[in-house]
J.: 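Before I ask anything, let me first share the structure, which is written out below as structure tokens.
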Amino acid sequence: MPVHVAEAVARPVNAWGADDPAFEVVWHGGEPLAAGREHLAALMAPFHGVRHSVQTNAALVDDAWCAFLLEHDVHVGVSIDGPEGMNTHRRTLAGHPGFGVTMRGIARLRRHGIPFSAIAVVSDPNPDKAARLYTFFADLGVDTLGVNVEEQEGVNVGVKEIDPERAAEFWAALADAWRARPVIRLREIQRVLNFADAVIGGRPTTPHPAASPWDPLPTIGYDGGVVMLSPELAGFSDGRFGDFTTGNVLRDALDVLVAEAEERTPWITEFWRGVDACRATCPTFAFCGGAHPANRYFEHGGRMDGTTTRYCTTSKIALLEGVTRHVRENTC
């Protein structure tokens with residue numbers, strides 16, 4: 001990403017950050033540390049009053065990078081799928097297992113006292129492996145763990161079918177492990193707890209754009225193109241929707257693109273029709289909020305108005321069922 005793109009993004013973002021102390025700019029997609037310390041510092045420099053985060057495989061993390069992360073107060077997320085036997089899909093450019101390289105980077109983060117979160121992709125949500133998965137991350141000392149069941153998106157088309165009941169058992173077993181040793185924040189469990197708290201408190205659970213603000217989650221590509229709602233769509237193109245972008249920050253300000261997103265982006269209108277269909281047909285819509293755009297697109301032949309996806313089934317419906325089952329079995 002050229003610095004002038006970051007400068008264009010920063011102008012409205014700095015104003016948003018002034019109104020929200022928790023506003024965060026996440027450097028994600030590919031490997032952000034591959035930009036190098038000098039260039040990444042130049043990209044961050046135009047931003048003021050915001051928190052920066054990087055999502056990294058930690059392969060490049062050394063003492064110099066640790067000093068950089070501390071100096072710039074950067075929150076670190078590490079992509080690692082669990083203990084070595086669960087991490088075999090991650091390979092180095094030379095084709096070797098990436099586990100040892102990532103663990104070396106994590107060791108440096110820990111040595112420098114840099115807290116970090118983790119995202120784990122689970123290809124096989126086996127309930128018998130849930131406790132081992134959780135224990136690995138608890139022992140690693142992460143502050144937050146996010147668990148993503150592998151999704152069919154983009155070039156990743158070889159995802160195998162997952163039995164929803166098996167997925168629910170996995171989430172229940174993961175909740176069991178967390179409850180027995182609640183030393184880290186488990187993102188998915190927290191989502192269910194937040195949902196339950198909203199229901200009990202009588203607060204809205206699934207904001208709808210027609211009724212309340214929606215989170216556009218703008219993703220800015222290296223060239224300034226902006227994709228709303230679904231980072232996974234960045235870099236793809238479609239005969240009907242083009243490159244999925246709402247516009248480009250080098251031509252229009254990001255705050256304008258966010259404000260005019262629905263008028264400028266045909267696929268978003270189709271997506272909201274799909275959300276309405278989910279609302280009308282899915283009994284867990286209040287928790288799920290409707291299938292995500294990229295999952296709809298890649299699983300429903302390029303349509304945004306389909307309903308249930310594999311992600312819904314394994315990571316929303318099964319999650320709610322699994323954690324609910326855990327609560328029932330552990331409540332006197």
Side-chain angles (χ1 to χ4, degrees), residues 1-80 93 101-102 105-106 108-109 112-119 143-144 146 154 215-236 243-259 261 294:
M1 176 181 286
V3 172
H4 65 271
V5 171
E7 290 171 343
V9 175
R11 283 189 281 273
V13 164
N14 290 340
W16 293 335
D19 293 333
D20 181 3
F23 197 95
E24 189 172 30
V25 175
V26 182
W27 301 90
H28 203 331
E31 174 49 57
L33 302 193
R37 289 183 295 278
E38 182 178 349
H39 189 61
L40 188 55
L43 292 174
M44 290 179 171
F47 295 90
H48 305 288
V50 301
R51 182 76 183 272
H52 290 282
S53 296
V54 295
Q55 188 66 33
T56 173
N57 62 18
L60 296 175
V61 173
D62 56 14
D63 291 337
W65 267 114
C66 287
F68 176 95
L69 297 169
L70 288 168
E71 177 185 355
H72 294 273
D73 191 26
V74 178
H75 178 268
V76 179
V78 176
S79 300
I80 180 172
L93 287 175
V101 177
T102 296
I106 288 174
R108 290 188 175 120
L109 292 173
H112 285 267
I114 298 174
F116 61 97
S117 60
I119 293 177
D143 51 31
T144 301
D215 185 358
L217 194 68
T219 297
I220 294 85
Y222 74 95
D223 59 354
V226 181
V227 174
M228 302 293 180
L229 287 167
S230 192
E232 298 85 357
L233 292 172
F236 290 92
D243 61 6
F244 296 100
T245 62
T246 295
N248 191 295
V249 296
L250 298 180
R251 294 191 295 270
D252 297 290
L254 182 59
D255 52 349
V256 173
L257 295 178
V258 169

J.: Quick check for you: to the nearest 0.5 Å, what is the distance between Asn57 atom CG and Thr102 atom OG1?
T.: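 Answer rounded to 0.5 Å: 5.0 Å.
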J.: Would you say the side chain of Trp16 lies within less than 4.5 Å of the side chain of Asp255, judging by non-hydrogen atoms?
T.: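 The answer is yes; the side chains approach within 4.5 Å.
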J.: Between Pro218 and Leu254, which heavy-atom pair has the shortest distance, and what is it?
T.: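 Heavy atoms of Pro218 and Leu254 come nearest at CB-CD1, 4.2 Å.
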J.: How many angstroms lie between atom NE2 of His28 and atom OG of Ser79, to the nearest 0.5 angstrom?
T.: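 Interatomic distance, His28 NE2 to Ser79 OG, rounded to 0.5 Å: 6.0 Å.
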J.: Less than 4.5 Å apart, side chain to side chain, heavy atoms only: is that true for Asp223 and Val5?
T.: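 No, too far: nothing below the 4.5 Å cut-off.
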J.: Given 3.5 Å as the limit, does a donor-acceptor pair link the side chain of Asn14 with the main chain of His48, or not?
T.: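 Yes, because the side chain of Asn14 sits within donor-acceptor range (under 3.5 Å) of the backbone of His48.
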J.: Within 45 degrees of the axis of the six-membered ring of Trp65 and under 6.0 Å from its centre: does Arg108 put its NZ or CZ there?
T.: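 So Arg108 doesn't make the cation-pi contact.
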J.: How close do Ala42 and Val3 get, heavy atom to heavy atom, and via which atoms?
T.: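 Shortest heavy-atom separation between Ala42 and Val3 comes out as CB-CG2, 3.8 Å.
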J.: Pair Trp27, Met44 - check side-chain contact (heavy atoms from CB on, under 4.5 Å), show working.
T.: CA-CA 10 Å; Trp27 301 90; Met44 290 179 171; 3.8 Å; yes
J.: Yes or no on side-chain contact (heavy atoms from CB on, under 4.5 Å) for Ile220 and Met1, after CA distance, side-chain angles and deciding distance?
T.: CA-CA 10 Å; Ile220 294 85; Met1 176 181 286; 4.1 Å; yes
J.: Hey, which of Leu257, Val226, Thr246 is the one that makes side-chain contact (heavy atoms from CB on, under 4.5 Å) with Asp252?
T.: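 Running side-chain contact (heavy atoms from CB on, under 4.5 Å) over Leu257, Val226, Thr246 with Asp252 returns exactly one hit, Leu257.
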J.: To the nearest 0.5 angstrom, please state how far the CZ atom of Phe116 sits from the OG atom of Ser53.
T.: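 The CZ atom of Phe116 sits 14.5 Å away from the OG atom of Ser53.
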J.: Any heavy-atom pair between the side chains of Leu109 and Val78 that's under 4.5 Å?
T.: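 They are in contact (side-chain heavy atoms under 4.5 Å apart), so the answer is yes.
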J.: Please report the closest heavy-atom contact between Asp215 and Leu229, naming both atoms and the distance.
T.: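 Taking Asp215 first and Leu229 second, the nearest heavy atoms are O-CD2, 3.6 Å.
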J.: His75 and Asp143: side-chain contact (heavy atoms from CB on, under 4.5 Å), yes or no, with the steps?
T.: CA-CA 11 Å; His75 178 268; Asp143 51 31; 4.1 Å; yes
J.: Under 3.5 Å, is there a donor-acceptor pair linking the side chains of His112 and Asp63?
T.: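 Yes, because at least one side-chain N or O of His112 sits under 3.5 Å from a partner of the opposite role on Asp63.
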J.: Can you give me the closest heavy-atom contact between Asn248 and Leu250, atom names plus distance?
T.: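 Scanning both residues completely, I find the closest heavy atoms to be OD1-N, 2.8 Å.
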J.: How many angstroms lie between atom CZ of Phe47 and atom NE2 of His52, to the nearest 0.5 angstrom?
T.: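 Nearest 0.5 Å value for the CZ-NE2 distance: 6.5 Å.
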J.: Measure the spacing between OG1 of Thr219 and CE of Met228 and express it to the nearest 0.5 Å.
T.: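 Interatomic distance, Thr219 OG1 to Met228 CE, rounded to 0.5 Å: 9.0 Å.
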J.: What distance do Leu40 atom CG and Leu33 atom CG have between them, rounded to the nearest 0.5 Å?
T.: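 The distance works out to 7.0 Å.
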J.: Should Val76 and Ser117 be marked as a side-chain contact (heavy atoms from CB on, under 4.5 Å) after you check the CA-CA gap, both sets of side-chain angles, and the distance that decides it?
T.: CA-CA 6 Å; Val76 179; Ser117 60; over 6 Å; no
J.: Quick check: closest heavy atoms across Arg51 and Asp73, and the distance to 0.1 Å?
T.: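 The answer is NE-O, 3.2 Å.
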J.: Look at the aromatic rings of His72 and Phe68 and report parallel, tilted or perpendicular, splitting at 30° and 60°.
T.: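 Correct class here is tilted.
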